[in-house]
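Letters A, B, ... mirror the listed sequences (proteins, then strands); counts begin at 1.
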Number of protein chains: 2
Amino acid sequence: METKKTTIKDIARLTGLSKGTVDRVLHNREGVSKKSYAKVMEVIKDLGYEPNVYASLLAQKKERVIVVLLPKYEPGEFWELTEEGIIEGADSSSNLGVKVAKVDYDQYDIESFRTACSKALALEPSGVVLAPMFRNETLVFVDKLNTLGIPFVYIDTKLETNSYLAYFGMPTYQSGYLCASILADEQQVDEVAMIRIQRDKFGKSDPTINRREGFIDYIAEHSPDCSLHNLFIDPNKPKEIDATLEKFFAEHPGIRYIAMFNSRIYLITSFLAKHPEKNYRVVGFDNLAANIKALKSGLVTCLIAQRPEDQARRAISALTDYLVFGHEPSSRDNFMPMDILTRYNAEYY
Amino acid sequence: METKKTTIKDIARLTGLSKGTVDRVLHNREGVSKKSYAKVMEVIKDLGYEPNVYASLLAQKKERVIVVLLPKYEPGEFWELTEEGIIEGADSSSNLGVKVAKVDYDQYDIESFRTACSKALALEPSGVVLAPMFRNETLVFVDKLNTLGIPFVYIDTKLETNSYLAYFGMPTYQSGYLCASILADEQQVDEVAMIRIQRDKFGKSDPTINRREGFIDYIAEHSPDCSLHNLFIDPNKPKEIDATLEKFFAEHPGIRYIAMFNSRIYLITSFLAKHPEKNYRVVGFDNLAANIKALKSGLVTCLIAQRPEDQARRAISALTDYLVFGHEPSSRDNFMPMDILTRYNAEYY
DNA sequence: GCAGTTTCCGTGCACGGTAACGGAAAATTT
DNA sequence: AAATTTTCCGTTACCGTGCACGGAAACTGC
């Protein structure tokens with residue numbers, strides 16, 4: 001039942017042409033008459049010819065580079081998880097003759113992003129993967145990629161440009177909604193604290209904004225009388241955090257529910273550990289090692305994780321597929337599952 | 001920085017031998033002197049030579065077959081999810097020259113399993129993936145595979161043989177434990193119903209047994225005074241189920257918590273729909289379409305899913321890796337994450 | 001009708017690895 | 001020491017595709 005794969009040689013034989021000409025047709029190279037072109041195309045369609053990618057790769061020896069633009073990170077931070085996926089993806093792409101190069105930038109310094117973009121272009125990439133932090137600068141960069149005909153894939157967040165090859169990320173609004181539903185355990189809640197991080201945001205695209213919206217909407221729908229409190233902490237001054245929290249929760253003794261929309265729920269664990277009697281119900285985001293630790297120790301009730309490794313791995317794999325095989329991704333916008341992690345299932349992620 | 005990949009030709013040149021001889025060494029074929037063998041091995045180690053798999057594949061044109069032994073299923077049943085992963089895996093293995101053939105059997109008919117095993121062997125597989133249902137028969141089959149030198153991978157459940165290449169499945173005990181923790185929402189519970197399916201089990205390996213153990217242990221640890229009720233229903237007589245449930249819950253009006261350890265929580269949704277006033281808290285397993293529907297409609301509180309597609313896909317991929325590249329799997333026992341699905345995140349799985 | 005262009009296409013080597021073939025050298029027999 | 005066998009290894013054709021080279025045919029201009 002398994003018919004032998006048809007090859008270029010078969011097509012050459014059936015058309016009475018040589019494999020050189022067939023090759024020219026396959027690659028739309030010039031120097032072939034309309035008649036021959038049509039004949040070859042017909043036979044190709046008839047036999048359902050598909051080139052042997054590995055033979056092709058072998059013959060070409062073309063070097064391709066995918067450049068990945070990511071924020072710099074300290075060990076244990078969110079972007080480290082993404083990097084893991086990058087490495088995995090790079091690994092499996094390498095035997096398809098695709099190298100992966102990372103260029104990083106400071107996500108709080110717009111100038112470093114500009115520099116990173118230049119560096120990326122200097123590498124003459126065949127494709128780019130990027131996590132867009134600065135809206136306007138990204139638009140400029142993406143424009144350049146377009147004119148150069150370089151395909152690119154968004155991860156984490158995307159901009160509403162219409163040229164990207166694919167996007168891999170989390171449904172941010174829904175993740176906030178989910179967060180609230182878990183925090184409330186689908187019951188009525190009366191007072192909720194949203195702990196936030198104050199930062200200058202010059203046009204940054206930020207998933208936490210959508211998350212908060214989803215969160216607030218759920219609460220509004222299910223517990224219309226609930227009062228939502230905002231509390232800001234500064235991760236750069238870790239020593240002040242506990243005091244800030246102590247003060248706030250002393251003023252609001254009725255609050256039992258705490259949510260945080262960025263990946264740094266671990267910042268409040270030292271406070272939580274001091275108040276076991278309050279039995280806070282706490283939901284945060286992302287499976288950082290520090291968060292998992294807090295989860296297992298029972299200080300955090302639940303984490304919502306978004307598989308940043310998968311995002312990165314699949315982004316690279318989709319881009320590689322496109323570059324090597326010419327396959328368009330089966331869907332352009334790909335939303336990763338929102339994993340609910342508790343102390344009892346965390347270690348299997 | 002990126003040194004050119006070393007090839008057989010390089011090794012031949014450096015050892016002063018021909019690539020034919022190098023090839024003999026690489027494949028442990030006979031007809032090469034100890035001296036030459038040692039010389040080649042040394043250079044290989046020095047240069048960190050890795051063969052170009054695609055060139056090798058191209059030259060060999062060897063046909064390999066992976067046989068997958070799975071229970072038959074009706075549309076919408078658990079094993080359909082596994083099959084999806086099989087198809088995916090088969091797809092990506094096919095461009096490495098590995099075909100995948102499925103052989104199915106009736107999981108309630110031991111004789112059909114024997115037949116399936118014979119069929120599988122008749123296909124002269126290079127590797128086998130199997131979900132073992134019948135303990136003794138599987139041991140016999142696995143023994144045969146061993147003597148034939150055919151590697152195999154367990155999915156779903158495994159037997160404690162010491163010869164399997166890898167295992168992909170769920171941590172069943174922990175999944176029961178997790179199930180209880182979610183059902184109780186880490187609170188005290190007083191009465192819980194475990195709905196079960198009665199079946200002849202002649203030595204079948206069955207994940208639901210471990211799940212129940214994990215479940216019972218959690219309850220015993222956290223709610224020692226809780227009474228656990230067993231209730232049996234028969235999926236072959238769907239019309240009787242509702243009556244059975246009505247009777248049971250009428251006799252036990254205090255029960256609010258319901259768990260089920262197989263994939264068929266959907267069987268009780270018609271009952272649940274009739275008693276919204278009881279506000280049952282219900283936890284089941286596996287993301288069957290019917291279960292997801294029940295989840296989204298709010299009849300089921302939560303599902304614990306085990307990614308059967310991933311199990312299958314990764315099993316095939318690991319086996320392919322081993323057959324083609326000679327890579328041993330990085331870990332032998334691979335436990336999939338236990339995904340917690342609620343109505344708010346289900347659609348992203 | 002001839003030289004010069006263009007257009008079109010066949011030939012042949014390369015990519016990295018496999019494996020059959022056959023021959024030289026070494027080991028064994030007579 | 002010649003004949004035979006065995007051990008070892010180089011040569012070669014091939015897998016399917018890409019691409020450079022060069023030649024034949026067709027077309028141009030005179």
Side-chain angles (χ1 to χ4, degrees), chain A residues 2-41 43-44 47-64 94-98 126 323-326, chain B residues 2-41 43-44 47-64 94-98 126 323-326:
Chain A
E2 184 63 38
T3 57
K4 277 242 173 348
K5 272 262 202 178
T6 64
T7 72
I8 278 197
K9 216 198 281 180
D10 298 328
I11 299 174
R13 191 165 31 76
L14 288 172
T15 53
L17 294 162
S18 73
K19 61 198 188 89
T21 305
V22 176
D23 185 64
R24 272 180 277 261
V25 173
L26 286 170
H27 295 82
N28 282 314
R29 258 180 292 149
E30 56 185 3
V32 36
S33 65
K34 293 158 292 314
K35 202 166 59 172
S36 303
Y37 183 88
K39 218 187 319 183
V40 171
M41 286 308 273
V43 175
I44 286 180
L47 303 191
Y49 166 78
E50 283 190 25
N52 180 323
V53 194
Y54 303 112
S56 168
L57 249 35
L58 185 60
Q60 291 189 89
K61 282 200 71 66
K62 202 194 286 183
E63 287 275 314
R64 295 180 225 250
S94 76
N95 34 30
L96 290 159
V98 178
S126 309
L323 294 174
V324 176
F325 301 83
Chain B
E2 184 63 38
T3 56
K4 275 244 179 334
K5 272 261 198 176
T6 64
T7 72
I8 277 200
K9 214 198 285 179
D10 299 328
I11 299 174
R13 190 167 32 78
L14 288 172
T15 53
L17 294 161
S18 73
K19 54 197 194 106
T21 306
V22 176
D23 186 61
R24 272 181 277 261
V25 173
L26 286 171
H27 295 80
N28 284 314
R29 258 179 293 148
E30 57 183 3
V32 35
S33 65
K34 295 158 288 324
K35 201 164 59 170
S36 303
Y37 184 89
K39 217 187 318 183
V40 171
M41 288 307 272
V43 175
I44 286 180
L47 303 191
Y49 167 79
E50 285 189 23
N52 180 324
V53 198
Y54 303 110
S56 168
L57 250 35
L58 186 60
Q60 293 189 88
K61 285 203 68 67
K62 203 193 288 181
E63 285 276 312
R64 297 180 223 249
S94 75
N95 37 29
L96 279 90
V98 179
S126 309
L323 293 175
V324 177
F325 301 82

* If you look at every strand shown and take non-hydrogen atoms under 4.0 Å, does B/Asp23 touch a base, only sugar-phosphate, or nothing? -> base
* Whole-Å distance separating the CD1 atom of B/Ile11 from the P atom of D/dC9 -> 16 Å
* Figure out the OH/C1' separation between A/Tyr54 and D/dG16, and round it to whole Å. => 14 Å
* To do: Would you mind reading off the distance between B/Gln60 atom CD and C/dG16 atom P, rounded to a whole angstrom?
  => 17 Å
* **Selection from C/dA20, C/dG10, C/dT18 that lies nearest to any side-chain heavy atom of B/Arg24** => C/dA20
* From the options A/Asp10, A/Ile11, A/Leu26, A/Ile8, select the one residue that forms a side-chain contact (heavy atoms from CB on, under 4.5 Å) with A/Lys19. => A/Ile8
* If only side-chain N and O atoms of B/Ser36 are considered, is one of them under 4.0 Å from the OP1 or OP2 phosphate oxygen of D/dC9? -> yes
* To do: Indicate the atoms forming the closest heavy-atom contact of A/Leu96 with A/Tyr54, along with that distance.
  => CD2-CE2, 3.8 Å
* To do: Mind checking A/Leu17 for me? I need base, sugar-phosphate or nothing, with any heavy atom below 4.0 Å counting as a touch.
  => sugar-phosphate
* **Interface with DNA chain C, restricted to residues 25-35 of chain A and to heavy atoms under 4.0 Å** => A/Gly31, A/Val32, A/Ser33
* Asked: Out of curiosity, A/Lys62 NZ to A/Ser56 OG, how far, rounded to the nearest 0.5 Å?
  -> 8.5 Å
* Asked: Picking from C/dA19, D/dG16, C/dG17, which would you name as closest to the side chain of B/Tyr49?
  -> C/dG17
* Structure fact -> Here the distance between atom C1' of C/dA14 and atom NZ of A/Lys62, to the nearest Å, is 16 Å
* Rounded off to whole Å, could you give me the CG-to-C1' distance for the B/Leu57 and C/dC15 pair? => 15 Å
* For C/dC15, does OP1 or OP2 lie under 4.0 Å from any side-chain N or O of B/Lys9? -> yes
* To do: Indicate, with a heavy-atom threshold strictly under 4.0 Å, whether B/Gly16 touches base, sugar-phosphate, or nothing.
  => sugar-phosphate
* Between A/Ile8 (CD1) and D/dC14 (C1'), how many Å, whole number? -> 16 Å
* Answer yes or no: does a side-chain N or O of A/Ser18 lie under 4.0 Å from OP1 or OP2 of C/dG10? => yes
* Asked: Going through the distances and angles, do A/Leu47 and A/Leu14 end up as a side chain to side chain contact (heavy atoms under 4.5 Å, CB included)?
  -> CA-CA 10 Å; A/Leu47 303 191; A/Leu14 288 172; 3.6 Å; yes
* **Atom-to-atom span, CG of B/Leu58 to P of C/dA14 - whole angstrom** => 17 Å
* Go through the steps for B/Lys39 and B/Val25 under the test side chain to side chain contact (heavy atoms under 4.5 Å, CB included), then give the verdict. => CA-CA 10 Å; B/Lys39 217 187 318 183; B/Val25 173; over 6 Å; no
* Please name the pair of heavy atoms, one in B/Val40 and one in B/Thr15, separated by the smallest distance, quoted to 0.1 Å. => CA-CG2, 4.0 Å
* **Short side-chain N/O contact from B/Ser56 to OP1 or OP2 of C/dG16, under 4.0 Å** => no
* How far apart are the closest heavy atoms of B/Ser126 and B/Leu323, and which atoms are they? -> O-CD2, 3.3 Å
* **Minimal non-hydrogen separation, B/Ala12 against B/Ser18, with atom names** => CB-C, 3.8 Å
* Interatomic distance, A/Arg13 CZ vs C/dG10 C1' [rounded to whole Å] -> 17 Å
* Structure fact -> 5'-most contact on DNA chain D (nearest-nucleotide basis), B/Tyr37 vs B/Lys19, goes to B/Tyr37
